[in-house]
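Note that these values count all heavy atoms, side chains included, but never hydrogens, waters or copies made by symmetry. Treat the numbers as computed from the prediction; the structure is a model and nothing was measured.
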Amino acid sequence: MVDLATLGTFAIASVASLFMAWSIGAGSSGSTPFAPAVGANAISVMRAGFLVGICCLLGAIFQGANVSEAVGGELIEGVTLSAEAATIGLTVAAALVAIGIFSGYPIATAFTVTGAVIGVGFAMGGDPAWWKYREIAALWTLTPFVGGAIAYYTARALREEPIPEHHVVLVLAGIVGALIANIEFAVLGPSGGGASIAVELAGALPVSTLVGAGLVTAALALLSAGALGWDMRSGTTVAERHFLLVMGALVAFSAGGSQVGLAVGPLVPLSGDVGLTITALLVGGGVGLLVGAWTGAPRMIKAISQDYSSLGPRRSIAALIPSFAIAQVAILYGIPVSFNQIVVSAIVGSGYAAVSAGGGVSPRKIGYTFLAWGLSFAGAIVISFGIYRGYAIVLG
C-alpha cells in the first residue's frame, strides 16, 4: 500500500516534471530538430512542430532509459534525491528554460537540469560524481567543435567540385543508414536492456556477431543510399528536401530519447515507492514533450532557423547529420546533452561554409547564446542549492 504522504510528494514532483517536459518540448527538443528544414523552406513551421512532437514521443519511449537513469542516479554520490529535491530542481531548471523560450534565446536544457540536480544534491549533503562530470564535460566541450567542424566540411563538400553534389548526398545517405543500423532501441535485445538492429539481425546469420553486424550495417547503408538514389529521379533538389525531412525526423526522435531523461530523470529514484516502472515515466515525459512541441515550439523554430544563419537544403543536411550522430552517442553513454548546443553548433558550422557564397552567421547572437548557456548552468546550481537549503532550514 502506497503511503499517502509519499504519493502526494511524488505528485507534486510529477507536476514539476511535466512542466519541465513541456518546456523542453517547446524549446530544445521542439525547435532544433526541424529548424534547419524550416530554414531551407522544406516544411512549414506549424507542420514541423506537429511532426517533431510525434517523433519526440517515440524517441522518449524507445531510447529514453539511459539518460533518465543517469540524471536520476549518477550526478550525485552518497544520497538519493528526495521528492522535495526533485521538485525544486525541476522547477528551477524549467523556469530558466522558459525564460529562454520567451526571450528568443535557446537555453541549453541539459545545462539547467544537470546544474539543478547537482545543486539540490549538494544541498542534501551529496558528494560530486567526478567520473560522470568528466564524461559530461568532455561531450559538452567537444560538441561545438566536432559538430561544427563536421557540418562545415560536409557543407563544403556539397557545394564544391570536383565531386558531383548528388554523389556526395548519396554517400551521406549511406552514412545515415549505417548509423541507424547501430543505434540502440529498448524493444530490441534482452529484457531490461537494448540492442541495435545490426546486432539483433546478426544473430540470425551463420557468421560471428561482429561480421554479421558489419554485413547488416553495409546492407542498410546501401538501402538508404539506394532509396535516395531512386528519389533523385524527380530531381536532386526535391530528393535533398525529402532527405532533409527524414534527417529532421531522426534528430527529433533522438531528441526525445535524450531530452526526456532531463524531465523524468529526477523521478527515477522515487518511482519504485509509488509502483511505477521507468517505462511509465518515459511515456508520461514523452507526452509532455509532445504537448510542448505542439503548443510552444514555433517561436523557437523561427529563432533558430532564421536568426543564426541563412540556410539552404545542403547546409541544413550538413547540420543535421552530425547532430544525429552526437545525440546518439550521448544516448548510448547516458550523458545529458542539450540539443540547442548540438544543432546550433552544427548550424553555425554549415553557415560559415557559405559565407563566401552569401550565407551568414550572426556573431552577436552566437555570443549571447554561449553566455546564456554558461550562466544557466552556474545559475541552476546556485539557485537550486539556495532554495533547497532555505526549504530545509524553514522545515528543519
Under 3.5 Å, which donor-acceptor pairs link side chains of residues 12-20 to any protein atom two or more places apart or in another chain?
from, atom 1, to, atom 2, distance (Å)
Ser14, OG, Phe10, O, 2.8
Ser17, OG, Ala263, O, 2.7

Excluding Leu142, membership of its hydrophobic cluster (Ile, Leu, Val, Met, Phe, Trp, Tyr; side-chain heavy atoms within less than 4.5 Å) reads Val146, Ile150
By ring pair (Phe, Tyr, Trp, His ring centres under 6.0 Å), Tyr133 pairs with (sequence neighbours left out) Trp130
Residue pairs fulfilling ring-ring contact (aromatic ring centres under 6.0 Å, His included) with at least one residue in residues 63-96, sequence neighbours excluded:
none
With side chain to side chain donor-acceptor pair (under 3.5 Å) as the rule and sequence neighbours excluded, what pairs involving residues 210-221 come up?
Asn182-Thr217
Side chain to side chain donor-acceptor pair (under 3.5 Å) pairs touching residues 46-71, sequence neighbours excluded, are Gln63-Gln328
Any side chain to side chain donor-acceptor pair (under 3.5 Å) pairs touching residues 281-295, not counting sequence neighbours?
Trp22-Thr295
Can you pull the side chain to side chain donor-acceptor pair (under 3.5 Å) pairs that have at least one residue in residues 281-290, sequence neighbours excluded?
none
Which pairs would a plain distance check flag for residues 196-216, meaning a side-chain donor or acceptor within less than 3.5 Å of a matching protein atom at least two apart in sequence or in another chain?
from, atom 1, to, atom 2, distance (Å)
Ser196, OG, Val199, N, 3.1
Glu200, OE1, Gly189, N, 3.4
Ser208, OG, Val211, N, 3.3

Sequence neighbours left out, what passes ring pair (Phe, Tyr, Trp, His ring centres under 6.0 Å) with Phe324? Give chain and number order.
none
Extract all donor-acceptor atom pairs below 3.5 Å that involve side chains of residues 218-232 and protein atoms in other chains or at least two apart in sequence.
from, atom 1, to, atom 2, distance (Å)
Ser224, OG, Leu220, O, 3.0
Asp231, OD1, His242, ND1, 3.4
Asp231, OD2, His242, ND1, 2.7

Taking salt bridge (Lys or Arg N to Asp or Glu O under 4.0 Å) as the cut-off, I'd like each qualifying pair that reaches into residues 71-92, sequence neighbours left out, listed once.
Glu74-Lys132
